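To start, the structure itself, in structure tokens.
Hydrogens, waters and symmetry mates play no part in the numbers below; they use all other heavy atoms, side chains included. The structure displayed is predicted, hence computed values, not measured ones.
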Amino acid sequence: LDALPGADLLVISVRRHAPTKEHLALVRAHLAAGKAVIGIRTASHAFGLKPKDDRHEGWMTFDQDVLGGSYTGHYGEVPAILALVPGAAGHAVLAGVDPARLTAQRLYKNPTLAPTATSLITGRSQGAAQDQHVAWVNQVGRSRVFYTSLGAPSDFANADFRRLLTNAIWWAIERPRPQP
């Protein structure tokens with residue numbers, strides 16, 4: 001985190017961590033400066049651990065405040081079908097991504113998004129009553145934020161998942177994606 005003040009992008013993929021107050025202040029300063037954030041999978045509950053001492057600090061509402069989500073658990077080892085949200089196909093984050101080739105291990109329950117968020121991909125587990133948001137973009141002040149509940153270790157072997165993340169990086173830092 002010491003490099004964060006000079007970074008254009010913060011990628012978060014940590015689960016139930018209580019950072020030091022100084023480190024969390026760096027994250028807040030990054031956002032206050034209007035810089036980009038990408039959250040992968042467990043970032044929805046990244047800082048959701050009660051601090052162990054007064055040097056550490058939690059951010060229990062990070063999911064709602066920054067990512068724009070509403071994580072409430074997952075469906076377990078149940079197959080899920082993913083699909084593009086109607087009208088989302090033209091979004092830069094989805095360029096060249098086929099959601100039918102993406103897989104959701106333990107589909108996260110994200111039934112609602114913040115008013116500032118735009119859903120891109122949804123998923124439904126077998127037997128579930130409603131779709132869950134799987135990937136979306138959000139705007140927090142001047143910061144562009146992308147989040148996906150995908151990101152299990154096996155997802156990184158999937159070319160469409162890697163393209164989704166690559167597209168999200170370029171979108172978040174507001175630069176054109178280079179041609180392969």
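Judged by distance alone, with hydrogens and angles left aside, the side-chain atoms of K35 form a donor-acceptor pair with the main-chain N or O of A7 at under 3.5 Å. Side-chain N or O atoms of S125 include none that pairs as donor or acceptor with a backbone N or O of A80 at under 3.5 Å. Side chain of N138 to backbone of V145: no donor-acceptor contact under 3.5 angstrom is found. Looking only at distances, a side-chain donor or acceptor of Y147 sits under 3.5 Å from a matching main-chain atom of R41. At least one donor-acceptor pair under 3.5 Å links the side chain of R144 to the backbone N or O of W171. Under the 3.5 Å distance criterion, the side-chain polar atoms of T42 are matched with a main-chain donor or acceptor of V14. Looking only at distances, no side-chain donor or acceptor of D98 sits under 3.5 Å from a matching main-chain atom of D160. Side-chain atoms of T61 never come within 3.5 Å of backbone atoms of Q64 as a donor-acceptor pair (strictly under, hydrogens ignored). In this structure, D155 contributes its side chain and A152 its backbone to a donor-acceptor pair below 3.5 Å. Between the side chain of S143 and the backbone N or O of L31 there is at least one donor-acceptor pair closer than 3.5 Å.
Remark: of the listed residues H91, R177, R162, R177 is the sole one forming a side-chain hydrogen bond (donor to acceptor under 3.5 Å, both in side chains) with N167. For the side chain to side chain contact (heavy atoms under 4.5 Å, CB included) test with L82, the passing option among I121, T103, T122 is I121; the others fail.
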For E77 and R106: C-alpha separation, side-chain torsions, deciding distance, then whether side-chain contact (heavy atoms from CB on, under 4.5 Å) applies. CA-CA 5 Å; E77 298 291 333; R106 293 186 175 194; 2.9 Å; yes
Evaluate the criterion side-chain contact (heavy atoms from CB on, under 4.5 Å) for residue pair I169 and F146; output intermediate values, then yes/no. CA-CA 8 Å; I169 290 167; F146 169 80; over 6 Å; no
Where do H23 and D2 land on the side-chain contact (heavy atoms from CB on, under 4.5 Å) test, with the steps shown first? CA-CA 8 Å; H23 283 160; D2 296 333; 4.1 Å; yes
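Cluster annotation: Y71 is not connected to L107 through the hydrophobic network of ILVMFWY side chains, with a link wherever side-chain heavy atoms come within less than 4.5 Å. Hydrophobic clustering, with ILVMFWY side chains joined whenever heavy atoms are under 4.5 angstrom apart, groups L94 together with V134. L67 and V11 are members of different hydrophobic clusters when ILVMFWY side chains are connected at heavy-atom separations under 4.5 Å. A single hydrophobic cluster is not seen to contain both V37 and V137; linkage of ILVMFWY side chains at heavy-atom distances under 4.5 Å, directly or through other members, places them apart. When hydrophobic clusters are built by joining Ile, Leu, Val, Met, Phe, Trp and Tyr residues whose side-chain heavy atoms come closer than 4.5 Å, directly or via intermediates, L150 is grouped together with I40.
Heavy atoms only, all atoms of each residue included: W136 and A117 are closest at CD1-CB, 4.0 Å. When all heavy atoms of A172 and L9 are compared, the pair lying nearest together is CB-CD1, 4.3 Å. Across P111 and K109, no two heavy atoms sit closer than the pair CD-C, 3.6 Å. Taking every heavy atom of both residues into account, S149 and H133 meet most closely at OG-O, 4.2 Å. Closest approach of E57 and K21 over heavy atoms only: OE1-CG, 3.6 Å. Here the closest non-hydrogen pair linking P19 and L24 is CG-CD1, 3.9 Å.
Here the straight-line distance linking atom NE2 of H45 with atom OG1 of T72 works out to 11.0 Å at 0.5 Å rounding. Note: L4 CG to H30 NE2 = 5.5 Å, rounded to the nearest 0.5 Å. Separation of atoms CZ (R163) and CZ (R101) is listed at 9.0 Å; rounding is to 0.5 Å.
You'll find the side chain of R124 reaches within 4.5 Å of the side chain of D131, heavy atoms only. Inter-residue side-chain proximity for T116 and V140 is flagged as unmet; no heavy-atom pair is nearer than 4.5 Å. When side chains are defined from C-beta on, V85 does not count as touching L120, because their heavy atoms never get closer than 4.5 Å.
Side-chain N/O atoms of D63 and S44 include no donor and acceptor closer than 3.5 Å.
Within a 6.0 Å radius of CG in L84, other residues, nucleotides and ligands contribute more than 12 heavy atoms.
Using a 4.0 Å cut-off between charged side-chain N and carboxylate O, D8 and R175 make a salt bridge.
In this structure, the side-chain hydrogen bond (donor to acceptor under 3.5 Å, both in side chains) partners of Y75, at least two apart in sequence or on a different chain, are Q132. With sequence neighbours excluded, no residue satisfies ring pair (Phe, Tyr, Trp, His ring centres under 6.0 Å) with W170.
Aromatic ring orientation, F47 versus W59: parallel (interplanar angle below 30°, classes split at 30° and 60°).
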